[in-house]
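Side chains are part of it too, since the values below use all heavy atoms of this structure and drop only hydrogens, waters and symmetry mates. In each ligand, atom 1 is the first atom listed, and ligand 1 is the first ligand listed. Sequence positions, counted from 1, serve as the residue numbers for this chain.
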Amino acid sequence: MPLANYHIHINGIVQGVGFRPFIYNLAVKKGLKGWVRNSASGVDIEISGSFEEIDDFIQEINQSAPPLAQIDSIDSEKIENTAFADFKIITSKNKATDFIPVSPDVATCSQCRSELFDPQDRRFRYPFINCTNCGPRFTIIRDIPYDRPKTTMSGFKMCADCQVEYENPLDRRFHAQPVACPACGPQIWFEDSPGNVIAEKEEAIQTARRMLKEGNILAIKGLGGFHLACDATNPEAVAKLRKRKRRPSKPFALMAFDLDTVKKYVATSKASEKLLESPQAPIVLLPKKQDAGIAENVAPGQSKLGFMLPYTPLHLLLLEPADDFPPSLVMTSGNFSEEPIIRENQAARDRLKEIADGFLLHDRPIHMRIDDSVFTIINEKPYPIRRARGFAPNPLRVSQNLPQVLAVGPQMKNTFCLTRDKYAFLSHYIGEMENWETYQDFQKAVQHYQSLFRIDPRAIGYDLHPDYLTTKYALEKIQSENLPGYPIQHHHAHLAAGMIENGIDPHEKAAGLIFDGTGYGSDGAIWGGEVLIGNCLEFERIFHMKYVPLPGGDLAILKPARMALSTLWAYGLDWAEDLAPVKYLSEKEKKTLKNQLEKQVNTPQTSSMGRLFDLVASLLDLRHVVTYEAQAAIELESLADFVEVGYYPWEIDNIDINVKSTIQSIISDIRNAVDKPIVAARFHNTIAQMGLDLSKRVRQKTGINQIVLSGGIWQNHFLLTKTISLLEQNGFKALVHEHTPPNDGCVAFGQALITSYRYIREVE
Ligand code: ZN
Ligand code: ZN
Ligand code: FE
């Protein structure tokens, strides 16, 4: 067989995931000679063999690549012959403009886990055990190339034993940058709240466990930041945490040692089990089993609990099962409500001392803070709610090359997005862009992503809202760097995100049922119940919820009772004495409200779908004031009893979705003492049927058959599954989010796409 030399280039997530050792082993096994090295966005191989041998070699790369690798493409070409003596891993070669994907952080793999609990292993019970297949990545990388000196491991000099493993291509720890052991790596210790070190190493774990068992609250330094932890089966401990953290009712996330434990508390399925045990190890929201032992105040008013499995060796040691140790811990982000998660030891001591009774600390710095990701399961598929640890900074892949642009994202649930080539680098969840801390964090993260992925934005996309901090940031950058800027309507961005992640061509038109909380409209009103058609360039508003006043702006969002009365007023319905919101608000408040509505003082118009859910929750006397976003809607869904109960009427007047008859029917059901869970279910059915009705009208007008379901309302499990099935039964294609959240976590992605295509249209 004639031998020839081939050059093979592999694109994708193939660095920092054990790819070169895999290639090395494969080549040696097959007796092939040549070399492999990291290169621009991938791996280069030169290898000598017959055509059949090379073909077979490439097939095997595809079939048995390491678990964390993600191959986008493999290209090979014949090159000039050179003689190779053996197969080698050689040093990387990069051009200044190349970029190399950075791996997200990866949950402890099964091999490291076995070693952790193996008394014979030299890393027995070492809280920082990791290998090429697992461990910290994005959170410890200060700069590229991804080599130890550029990570927060730079201060730890490898011992001789670790060095041998690191340099041996046949070892699982070959070139694992965070490799460490008890002799040379990071260490843990325990401090009491005044800051005295009271235990170290194994004793620190045991001290932490004892304190948790006794009902204390601990601040625990993890992978992407601090958690606040307490015994999830102890209502007093949970109540204490709520009080100190100033978080009255927003649900807390939970962690349990293994899947079997999780199954005691929530109903799982194949898909959710797979997701819980995945290398990304997100929090998964799952139906709660009644009276299974988790304290009620962990997630008041909710039918679901959010569980995750331990994703670092430290968490595994902390949660190791024992007869007298709590089977599940609350693990909520270490911060005060709505502030960024704390990542530094000193900041934790300063800021969290009022909350925590003790601190479990370590000395491996966290460079990038990152929150836990949150998912739920819809129709046996993962459905993102918050995309962060384990996912970012993996880019989303698109079908066409994009110019380099920056989209700064929305105000709430902020993420930003940078594009280049066929990639959209959607950032991890940054948070609520209302406080200075978050804004600082945002700016730092934008810089970090730009330098990691070597992106120099040629255009900037931002929200239409003039007062958003992100808008201000964008406008300053547009001016100082003299770049083209594109203001983008919030719900258009939702539509574009939903289309593109479902593989729709950016120039093709799709329709969107964009059911959301808040977004600044092109007419200055607050939109949120929109039927749009459009593509990645333009959109048209086909239908929307009829405008009602939002008295006091954000105040109305915090007080569903105000929203209820405002909506009744707008529809010409009485503030009858027997209605729950009328009873709830004081005479004085009602008088002021009426005055405000009549004189139109600070009463912006809104078409928000979120506010309609608020109104129904208030009419049902379920919730008149909220303490976290979407609380009323979530509790309304939890209350509903989804048996076949029919639905309420509505009208479409021209382009207005008029819900007067819906509200009247709800009030009449309440007056007839219909069970609240039935009313709640009928209301959900109504929105699903309304979605179908609107889609049919769109199809009749335009022939469009593809319906994007985007916006925060689509986090509602029942509403989403019901709408999908109605649409599908009627011949529509429902385009549901899969890689980005339906809430504002997807907006930056949509902005980036619209910015890219507008820029291409204008410039090229
Ligand atoms: Zn491992
Ligand atoms: Zn070592
Ligand atoms: Fe939104």
Side-chain angles (χ1 to χ4, degrees), residues 16-18 66-68 103 105-118 121-123 126 128-137 148 153 156-167 171-174 176-187 279 281 311-313 316 409-415 432 463-465 468 488-498 512-521 526-530 532 557 606-611 629-630 708-715 737 740-751:
V17 294
L68 300 176
S103 168
D105 304 284
V106 183
T108 307
C109 74
S110 59
Q111 282 166 295
C112 285
R113 192 180 169 126
S114 318
E115 289 171 352
L116 180 68
F117 293 111
D118 174 6
D121 195 275
R122 72 186 188 91
R123 294 187 179 86
Y126 177 57
F128 301 94
I129 187 168
N130 67 82
C131 73
T132 1
N133 300 322
C134 76
R137 296 286 187 278
R148 190 158 169 129
M153 285 298 291
F156 301 95
K157 192 176 169 345
M158 259 183 247
C159 70
D161 289 342
C162 287
Q163 193 77 36
V164 168
E165 294 168 323
Y166 181 85
E167 282 168 7
D171 194 279
R172 206 172 89 249
R173 297 196 165 87
F174 175 71
Q177 304 304 344
V179 72
C181 76
C184 68
Q187 301 293 348
Y311 52 84
T312 71
L316 284 164
Q411 175 97 336
M412 305 285 285
K413 296 190 173 59
N414 178 270
T415 59
E432 314 308 333
D463 196 276
L464 273 185
H465 200 300
Y468 281 1
I488 292 159
Q489 203 280 322
H490 182 93
H491 302 105
H492 184 204
H494 271 290
L495 175 69
L513 300 176
I514 316 296
F515 292 174
D516 204 16
T518 296
Y520 195 82
I526 296 165
W527 294 9
E530 314 301 313
L532 307 181
I557 298 177
T606 185
S607 54
S608 167
M609 182 62 89
R611 300 295 78 76
E629 200 218 349
V708 170
L709 302 178
S710 191
I713 295 292
W714 298 110
Q715 292 171 106
H737 283 274
T740 67
N743 60 44
D744 286 0
C746 76
V747 166
F749 178 52
Q751 285 179 349

How about D463 and Q411: does a side-chain donor come under 3.5 Å of a side-chain acceptor? no
On the 0 to 90° scale, with breaks at 30° and 60°, tag the H494-H491 ring pair as parallel, tilted or perpendicular. parallel
Compute the angle centred on the Fe ion (ligand 3) spanning NE2 of H490 and OD2 of D516, and express it rounded to 10 degrees. 100°
Given the Zn ion (ligand 2) as the apex, I'd like the angle to SG of C181 and SG of C159, rounded to 10 degrees. 100°
With rounding to 10 degrees, C112 SG, the Zn ion (ligand 1) and C131 SG define an angle of 100°
In terms of ring plane angle, is the pair H465 and Y520 parallel, tilted or perpendicular, where the classes change at 30° and 60°? tilted
Give a yes/no answer: is there an N/O/S atom of H494 under 2.8 Å from the Fe ion (ligand 3)? yes
For the residue pair Y166 and Q177, confirm or rule out a side-chain donor-acceptor distance under 3.5 Å. yes
Do the side-chain N and O atoms of E115 and Q111 include a donor-acceptor pair separated by under 3.5 angstrom? no
Atom of D744 closest to the Fe ion (ligand 3), considering N, O or S atoms: OD1
